[in-house]
Amino acid sequence: MEHMHLISALAEQLSHQGELNNRPVVAPNDTYPYFALPESGFGFSGFCTEFKHQIEPRLSGSNGPRYWGFVTGGANPTATYADWLVTSLNQNVSKGGDSAASNIERLTLKWLAELFELPNTFDGVFTTGATSANVLGALVARQYAGRQSGINVALDGFYGVETKVLSATPHASMVKALGFAGFGQKQWEAIKTKSNSEALALDSLISNLKALKLQNPKCVPIVIASAGTVTGTDYDDLDSIAKICREYQAWLHVDAAFGIFERLVAGPNGKTKGLEYADSITLDCHKWLNVPYDCGVFLTKHIEILKQTCHVDAPYLANEDAEIPFMSIGIENSRRFRALPVFATLLSYGRDGVTEQIKNNIKCAEQMANWIRRSEGFELAKDCLLNVVLFKPKNGSDEDTRNVLKKVNQSGKVFMTPGRWQGQSIIRAAFSNWRTTNEDVEIAVRVLSELE
Ligand SMILES: *Cc1c(COP(=O)(O)O)cnc(C)c1O
């Protein structure tokens, strides 16, 4: 009986997926009222009724084709199904020994390395997202810095470790990670950027490193590079940065959350050339790979240092598996079978299917940018370099930009987010949903032309 309810509820929910095209992209009334905790329950059907009438109408259409805020993926059908399997089978992928789930997570990490043409020296762990992958990046870099002066930070703390973080345009989540890891959100050294770009200026990095070493020869530098900044879609020159890092024995962490997908189009010698020299890499699957939230990946060539960072001894956690258990190379002990939707996506769509979808998003972004370039009322704030379009009302003030964005989002047809470029307010449209088509761009263009 219980199962029948579940099946019909799931079937009903699935049949709604097609409506994602038509429902408002932003929920018109998103405040759910407080009511007292039920003393006696309303049962499964009580929840279903509440969800259908009171909760679902208040949710956004973020899984649909015209939600262009942040960098938002849509859950593809195979991954959606796989994620339901993960929930219903509820494996705990903390360590192996009782299930093949760990083994499949390892295989999926290998597939991701193959997908992105990274050497098989990269190993890693699934995380809740790029934020937690960046936290691991900060923690393992800290552990490395400690090792250089004979300090095991995981055991003995950060006291006496001489290190400095250098970066040009770290993502906000990376800054947050630096706070968590004890470097301090405000304590990283800002490297200059190239002009009209968020990418790091190499000469500035070199002079900062030189100065750092002159001041304190023992200081271990940590360089945080970006492979795809979230606003400008700018890429640091990883190939050159990696060489510089080797020279200064600096740790190189690359935040490639969504930018790594450019490799599917341009190969390993495109904008991410040199990524293979990174010590660690952050990437997101719930963005451009279109698996459900939440799913990120942390990769590193130094799995032993990661293990030293994360492992703790406890008798009840003893492990007979020959492989390192995931709880010893990640933040959580108990872990969801997060790899399965990624495995399912790679198995069902293959390299070609995933690449096709990336190309489609890039084409849609170009289509949108071309319309803006030719439009009467809008202008591009920057050329569209990949899947993100930055624009504003032509000759408009910051306030004009904010007003236009508000009206665009109030239309319920398309959702975009604000940003800043070269000191000016801009509107940002990011394309990363597998459902988005040229027709969706046309719908957005109609909304914009009414505001010209
Ligand atoms: C989105 C993003 C993050 C943060 O990712 P979450 O998955 O939201 O935690 C980090 N870095 C970059 C470059 C991003 O685009």
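This structure is a prediction, so every number in the text was calculated from the model and none was measured. Counting starts at 1 for both ligands and their atoms, following the listed order.
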J.: Can you see whether Phe183 has Arg142 sitting over its ring - NZ or CZ less than 6.0 Å from the centre and within 45° of the normal?
T.: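 No, Arg142 does not sit over the ring of Phe183.
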
J.: Tell me the contacting part of Met174 for ligand 1: side chain, backbone, both, or neither, using a 4.0 Å heavy-atom threshold, strictly below.
T.: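 The answer is neither.
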
J.: By number and element, which atoms of ligand 1 are closer than 4.0 Å to a non-hydrogen atom of Asp284?
T.: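 Every atom of ligand 1 under 4.0 Å from some heavy atom of Asp284: 1 (C), 5 (O), 6 (P), 7 (O).
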
J.: Can you list the ligand 1 atoms lying under 4.0 Å from a non-hydrogen atom of Gly228?
T.: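 Ligand 1 atoms under the 4.0 Å threshold to Gly228: 13 (C).
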
J.: Where is the nearest protein heavy atom to atom 2 (C) of ligand 1: which residue, which atom, and how far?
T.: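 Atom 2 (C) of ligand 1 sits closest to the protein heavy atom Lys287 NZ, 2.2 Å.
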
J.: Report, as yes or no, whether the 6.0 Å neighbourhood of atom CD on Glu439 holds more than 12 heavy atoms from other residues, nucleotides or ligands.
T.: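 Counting other residues, nucleotides and ligands, CD of Glu439 stays at 12 neighbours or fewer.
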
J.: Return yes if a side-chain donor-acceptor contact under 3.5 Å exists between His302 and Asp123, otherwise no.
T.: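 There is no such pair (donor and acceptor under 3.5 Å, judged by atom type) between the side chains of His302 and Asp123.
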
J.: Report yes if some N/O of Ser132 lies less than 3.5 Å from some N/O of ligand 1; otherwise report no.
T.: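 Such a contact does not occur with ligand 1.
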
J.: Counting each atom of ligand 1 from 1 as listed, which ones have a heavy atom of Val230 under 4.0 Å away?
T.: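 Those of ligand 1 that fall under 4.0 Å from Val230 are 15 (O).
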
J.: Fit a plane to each ring of Phe378 and Trp371, take the angle between them on a 0 to 90° scale, and name the class: parallel (under 30°), tilted (30 to 60°) or perpendicular (over 60°).
T.: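 Rings of Phe378 and Trp371: tilted, 30 to 60°.
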
J.: Applying side chain to side chain contact (heavy atoms under 4.5 Å, CB included) to Phe298 and Ser280, what does each step give before you reach the verdict?
T.: CA-CA 7 Å; Phe298 178 70; Ser280 62; 3.5 Å; yes

J.: Report yes if some N/O of Ala130 lies less than 3.5 Å from some N/O of ligand 1; otherwise report no.
T.: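 Yes - when backbone and side-chain N and O of Ala130 are compared with those of ligand 1, one distance drops under 3.5 Å.
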
J.: For ligand 1, does Thr131 get within less than 4.0 Å through its side chain, its backbone, both, or neither, judged by non-hydrogen atoms?
T.: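 Contact part for Thr131 vs ligand 1: both backbone and side chain.
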
J.: State whether Asp234 and Lys382 are salt-bridged, where the test is any N-O pair (Lys NZ or Arg NE/NH1/NH2 against Asp/Glu carboxylate O) under 4.0 Å.
T.: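 Counted as a salt bridge, because a side-chain N and a carboxylate O are separated by less than 4.0 Å.
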
J.: So Val165 and Gln187, side chain to side chain contact (heavy atoms under 4.5 Å, CB included) or not? Walk me through it.
T.: CA-CA 8 Å; Val165 173; Gln187 292 299 321; over 6 Å; no

J.: Are Phe431 and Trp68 close enough that their ring centers fall under 6.0 Å?
T.: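 Yes, ring centres under 6.0 Å apart.
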
J.: Within less than 4.0 angstrom of ligand 1, does Ser173 place any heavy atom?
T.: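 Heavy atoms of Ser173 do come under 4.0 Å of ligand 1.
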
J.: What residue and atom, counting heavy atoms only, is the protein's closest point to atom 11 (N) of ligand 1, and at what distance?
T.: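 The protein heavy atom lying closest is Asp255 OD2, 2.7 Å.
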
J.: Which atoms of ligand 1 have any heavy atom of Ala257 under 4.0 Å away?
T.: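 Here the atoms of ligand 1 in question are 2 (C), 11 (N), 12 (C), 13 (C), 14 (C), 15 (O).
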
J.: Have a look at ligand 1 and work out which part of Phe258, if any, has a heavy atom under 4.0 Å from it: side chain, backbone, both or neither.
T.: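 The answer is the side chain.
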
